[in-house]
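Proteins get letters first, then strands, A, B, ... in listed order; numbering begins at 1 in each.
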Amino acid sequence: MFQPVSSQTDFPAQERLVLAFWKRTRAFDRLRQLRAHAEKQFSFIDGPITANNPMGVHHAWGRTYKDLWQRFFAMKGYNQRWQNGFDCQGLWVEVNVEKDMGFKSKRDIEVYGVERFIRLCKQRVLNSAAMQTEQSIRLGYWMDWDDPDELRWLAQKIVEDPQQVITLKRDGRTIRGTVEQIVGMLGTPELERSYFTFSDENNYQIWAFLKKCHERGWIYRGEDVIPWCPRCATGISQHEIDTEGYKDREDPAITVRMKLRRYDVSHAEWVSEAAREKFERAPGKFLLAWTTTPWTLPVNVMASVGPKLRYAIVRQVHKDGEVAVYFLGAKTLHMLRGEYEVLGEILGAHMVGWTYEGLFDDLPAVIDALKRWEDLHDGRPFEHPVIAWDEVSEEEGTGIVHNAPGAGPEDYQLGKQHSMPKIAPLNEDGYYLDSFGPLSGKHAHEVPELVESLLKAKGYFYRHEKYLHRYPHCWRCGTPLVYRMVDEWYISMDELRYHMMEVAKQINWIPPFGLERELDWLRNMRDWMISKKRYWGLALPIWEYPDGTFEVIGSYEELKARAVEGWEAFEGHTPHRPYIDHIKIRHPVTGLIGRRVPDVGNPWLDAGIVAYSTLRYRTDRRYWERWFPADFITESFPGQFRNWFYALIAMSTVLEGKPPTRTILGYATLLDEKGEPMHKSKGNAIEFNEAADKAGADVMRWLYARQRYDDNLLFGYNALNEVRRQVILPLWNVYAFFVTYANADGWTPNEALKADNAAWSLAQHYALTTLDRWVLARLAETVNTVNEHLLAFDARPAVLAIESFIEDLSNWYVRRSRERFWGSTMTAEKQAAYATLYTVLTTLARLIAPIVPFLSEVMWQNLIYGVSVETAQDNGGAFSVHHQAYPEPRALTEAERALLREMALVRTVVALGHNTRAQSKVKVRQPLNKITIVANDEVRRAVLAQRELILDELNVKDIEFAEQESELVTYRVAADARKLGKKLGAAFPRVRETLERMPTSPIVQAVRAGQPITVDGVELQPDEVIVQPVPRAGLIVAGEDGIVVGLDTTLTEALIQEGLAREVVRRINDLRKAANLNVSDRIETTYKATPRLAAAIAAFADFVRGETLSLSLREGEPEDEHRTSDTFDGETLTVSIRKV
RNA sequence: GGGCGAUUAGCUCAGGUGGUAGAGCGUCCCUCUGAUAAGGGGAAGGUCUCAAGUUCGAGUCUUGAAUCGCCCA
């Protein structure tokens, strides 16, 4: 017996029962044991999820793929590592801890204490990891998970007292250490389970990588002007800002007038001689320059013009009577305020070399900088020059750009080219340094008014306005960035990028455009900035000496050997700040003492190293060789070309020159149902927990798995509901149908049927019908398709094939087989039906297991062990569906292929038959005499083979074939454009028109006879003409693809009586249902009917009794209980039933 | 500013090598029903973004434009 299955199941609740079953039976551990010694292995490396917040539905998308292929290969018999990863270090964790603590700046962290701050970061990571672990388990993701409670316990301990000694148990082993040490060992061979990128091993492996880079001379300290977050007080790398940094912002834009000192207008073209004289007479001549970053004006050094642009020379008389002449782009005259007169024009190239009065040459910092420049240039006085810059445009501003090489990245490069002084105005919090006069101590974003008033006082101000533009913001805290000149650490890409491109080409990128994207990034990327002036992260293993030289330390052991100071303070701690900062080393030659640079590392180093660190590259090289490279990795595409994929490839290229993985699967972005990004603040975000509770993880997983990789996924409850209704419910209904009838019949599977390969020998043991053989062939076909595509990491076609099979199973096999299951005695045919459907369901359960692990498990436990998942137990060995072997592909026989074709034709005929029924308005319950079919020989053979099925489906008594020339159809003759268009060329339209006007009969006859016909003097071969039957108008017919079906709607008294009898049956069965009778309960039936109806019941009494399981059917006064009365087709019926 | 992609039914999308437009969802109508939170049949709905070109024939090929993505400056 099977456990009864309700068609009204709460799927999310059922999933929780499955989770409990897996937990109490340790089903995942059993799977690992079963595959532990497998020859074949599948190496998946998890891209670490940021352990900072709860998991989102977008994470669940990728995690579905990860679980799907791990389960698939496990069922295929592959051994695996099953290691999840958490990304732990970096600014995002710091920012959230700061938020929790109410910190406003780095100073707050210093005051609070770096050591305690780091503890809070670790705590946050461990707590987030615990939550994400629970959510992943809820998704059905099988991994070697940590116990979430243990993680939370460690989180608690790490803030309480990291030096407390604790013990953890693993498989009977005891691991002992301080809390800090234990946390630093998470994911290593001792503790196993999820890896954490803050582990000692991960950090030291990065050290080894950086050391190797240094040995090749690729690590350098560079000065550059970079985007800088004044709140986080750190540089934001190019990788980060490009991804999601830009937001609209309204800024004050200021136009300044720079007073010319030296100029030469000999190349100018004047409007008139008078204009030229006006120019000469004007007391002040100015360049107009426009900027949206007024805070950079105090460190202005030069101005640039487009050498190919034309500049207007205009004269204005201001309200105070001042007469001034301005130079500005000829297309930017709208920037002027008030009336003006154009005096002439001059080419930008002819302005190069002019000089102007510095805007803030009186500030101490500027005086100092210019003095230093003069000292370096033999005492030559500095003059602010006009230079040429091709990037200058007239689209915004005045066509003249003010340049501050200490405060803008392009300006910095220009300044370098022209050997200009570079003046950096801001400290790391975004405030002006001392020696900036009235500006000192003011924040960059609060000085526009002050700058404006200072400019006014000097006579350099022209106008201001508000300006809306895209401005870079900190991707973590949202603060508008500034540009700051700083020293950062870089890995040079000059040489590495080409090696990386070679490595990237060896990887199978899905979808294929991934490779192009990655190569594009590699071609264009600048050197890799690896430093961040923060606290929580990889301690960069760079020690600097007072003379500016530096060394990179490659390991714990090397550091210990080189340490001359501070080792006691560090020993026993993880390699993080502040302990690591105590260590000093001595230069072997100069004897100078080196200190560690205070910077921490770019977090993508942490994630990029995992193909080495988690595979024990440093500690167990044979293990690494076994599992490297990965067979498969997958993450969302956006961002990863420059982040994880990039870092993985970079580090693997440096360490081994090999690809870290064979296949990279990338997928697009998850959006809401309207196609908009999900944001908590917008209220359109769906929490993972909420979706899992409402829709169920299986439904979510199906939606994810059927998504096209390169399309954005529009995620929402409508989409989920569609999956549930179209896939999950039909499958569940078939399963429920099977269980209900098998139980009613007391049918149970024998051991051979339970065995995996039973499907292929069924025919030898059971009297299979055509329909049975058909559904088994469809199943085999589906198994083949699914295997093929899953092996190629292409989930969608596999999922669609299963959907199509479920549709066929539900709407054809089961629907057409129902009556076989209804029969009251166990016939051989019925045995065959059970055996077939049982085999289909057990095979299907295994086939869909990687996609919907819960549903498949529920079916499996009941179908194999006859238990509900609530009470299911460890039955020894491979007790879970996920322990089974995946259904293997096999070649279909010729007979099977023919059967599939035949059934497809039959279904077309049936669809057409339903169509004629609908047109005729004669409902299907009313039997009719016959249908007439016009079709070719192949269709005729198919129809004859499936004659009974068609009769029953369409409720007709007979099928008749009409001759081709019949009253049902006429013919349409058309030219085959594909063939004749090429052959006839320009003559084709004329021939076609003539052909279609000719009488059809002779042409049809000729084509049938295989004879050529002549049209317009052109001889056409039979295969160049298309003959299509067309239903004759006025008849009830339906046609498609050369098949035409006509319906004979003549009603005889016998047919009418039969139709009435069916109406009676339906009403009695409605009563049975209303009375909550079991499908096998027998009843006694009493009825009263109008005479014509009574005659019909009498004539079809056996039929009525059989269909309603009535032991007796008698005319009389119906009883009060279970009674109904109804009028139909002009007849009235009152009927009652009673359970026997 | 450069590169790539897209633009087809109300919505989401299919449409090798040119031959007279399809699916799912939604809407409406009909129908079946002991799988019933299902099932079946049908209808309406499209100047295939626009323009020019090649061709007997263009959703499909070429060029240009517009709009929208993504990537890079």
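- In this structure, CG of A:L671 is placed 17 Å from P of B:rC68, rounded to the nearest angstrom.
- Checked against side-chain contact (heavy atoms from CB on, under 4.5 Å), A:D672 has the following partners two or more places apart in sequence or in another chain: A:K674, A:E676, A:M678, A:N684.
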Identify each atom pair where a protein N or O and an N or O of nucleotides 2-11 of chain B are less than 3.5 Å apart, giving names and distance.
none

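- Within 6.0 Å of CZ in A:R1138 there are 12 or fewer heavy atoms belonging to other residues, nucleotides or ligands.
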Report the C-alpha separation of A:R1066 and A:N1069 in whole Å, then their side-chain angles, then the decisive distance to 0.1 Å, and conclude whether the side chain to side chain donor-acceptor pair (under 3.5 Å) test is met.
CA-CA 5 Å; A:R1066 190 188 138 202; A:N1069 278 335; over 6 Å; no
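- Under the ring pair (Phe, Tyr, Trp, His ring centres under 6.0 Å) criterion, A:F737 pairs with A:Y741, A:F821, sequence neighbours left out.
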Under the 3.5 Å Watson-Crick or G-U criterion, the dot-bracket string of RNA chain B, with | for inter-strand pairs:
(((((((..((((.....[..)))).(((((.......))))).....(((((..]....)))))))))))).
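- A gap of 33 Å separates the P atoms of B:rC13 and B:rC30, to the nearest Å.
- Distance A:N955 CG to B:rG40 P: 19 Å, rounded to the nearest Å.
- Taking atom P in both B:rU49 and B:rU12, one finds a spacing of 15 Å when rounded to whole Å.
- Not counting sequence neighbours, the partners of A:D952 by the side-chain contact (heavy atoms from CB on, under 4.5 Å) test are A:R816, A:E819.
- Between A:L1071 and A:H1122, the closest heavy-atom pair is CD1-O, 3.5 Å.
- Comparing A:R724 and A:D1081, the nucleotide of RNA chain B nearest to each residue sits closer to the 5' end for A:D1081.
- Side-chain atoms of A:D411 and A:Y483 include no donor-acceptor pair closer than 3.5 Å.
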Taking only nitrogen or oxygen atoms into account, show me every contact under 3.5 Å that the protein makes with nucleotides 53-56 of chain B, one pair per line with its distance.
residue: B:rC56; atom: N1; partner: A:G985; partner atom: O; Å: 3.4
residue: B:rC56; atom: N4; partner: A:G981; partner atom: O; Å: 3.2

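- Between A:D976 atom CG and B:rG18 atom P there is a gap of 15 Å when expressed in whole angstrom units.
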How does protein contact run along nucleotides 22-32 of chain B, one letter per nucleotide 5' to 3', with B for base contact, S for sugar-phosphate only, - for none, heavy atoms under 4.0 Å?
--SSS----SS
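- Less than 6.0 angstrom separates the ring centroid of A:Y667 from the ring centroid of A:W61.
- For the pair A:I728 CD1 and B:rG39 P, the computed distance is 14 Å after rounding to whole Å.
- Remark: A:E1084 does not engage A:K1139 in a salt bridge, criterion side-chain N to carboxylate O under 4.0 Å.
- Side-chain atoms of A:S810 and base atoms of B:rA35 include a donor and an acceptor less than 3.5 Å apart.
- B:rA73 and B:rU62: their C1' atoms are spaced 29 Å apart (whole Å).
- The main-chain N or O of A:R990 is never found under 3.5 Å from a side-chain atom of A:E993 such that the two would form a donor-acceptor pair.
- Using a 4.0 Å heavy-atom criterion, one finds that A:F11 contacts no nucleic acid atom at all.
- Of the possible donor and acceptor atoms, none in the side chain of A:R907 sits under 3.5 Å from a partner among the backbone N and O of A:M903.
- Look at the C1' atom in both B:rC48 and B:rG18: the space between them is 15 Å, to the nearest Å.
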Atom pairs, protein N/O to nucleotides 13-15 of chain B N/O, distance under 3.5 Å:
residue: B:rC13; atom: O2'; partner: A:R708; partner atom: NH2; Å: 3.3

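- For A:E1024 and B:rG19, the CD to P distance is 18 Å, given to the nearest whole Å.
- Take A:R517 and apply the side-chain contact (heavy atoms from CB on, under 4.5 Å) test, not counting sequence neighbours, and it matches A:F513, A:F641.
- With sequence neighbours excluded, the residues forming a side-chain contact (heavy atoms from CB on, under 4.5 Å) with A:E1058 are A:P927, A:K957, A:R1062, A:F1100, listed by chain and number.
- A donor-acceptor contact under 3.5 angstrom links the side chains of A:S804 and A:R778, judged on distance only.
- Applying the side chain to side chain donor-acceptor pair (under 3.5 Å) test to A:Y735 and every residue at least two apart in sequence or in another chain returns A:N862.
- Only the C1' atoms considered, B:rG59 is 35 Å distant from B:rG39, to the nearest whole Å.
- Here the separation of B:rC32 from B:rU67, taken at their C1' atoms, is 48 Å to the nearest Å.
- Spacing between B:rA65 and B:rA9 at atom P, rounded to whole Å, works out to 25 Å.
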Side-chain donor-acceptor contacts of residues 711-718 of chain A below 3.5 Å, not counting sequence neighbours, with atom names and distances?
residue: A:D711; atom: OD2; partner: A:R708; partner atom: NE; Å: 3.2
residue: A:N712; atom: OD1; partner: A:T669; partner atom: N; Å: 3.1
residue: A:Y717; atom: OH; partner: A:E690; partner atom: OE2; Å: 2.7
residue: A:N718; atom: ND2; partner: A:E673; partner atom: OE1; Å: 3.3

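- Atom CG in A:N1069 sits about 10 Å away from atom P in B:rA35, given to the nearest Å.
- When the P atom of B:rG40 is taken as reference, atom CZ of A:R816 falls 14 Å away, rounded to whole Å.
- Side chains of A:D745 and A:Y834: a donor on one and an acceptor on the other come within 3.5 Å.
- Side-chain N/O atoms of A:W389 and A:E410 include no donor and acceptor closer than 3.5 Å.
- The gap from the P atom of B:rU27 to that of B:rG10 amounts to 15 Å, rounded to the nearest Å.
- Distance A:Y813 OH to B:rG40 C1': 20 Å, rounded to the nearest Å.
- Looking at heavy-atom distances under 4.0 Å, A:L984 makes no contact with the nucleic acid at all.
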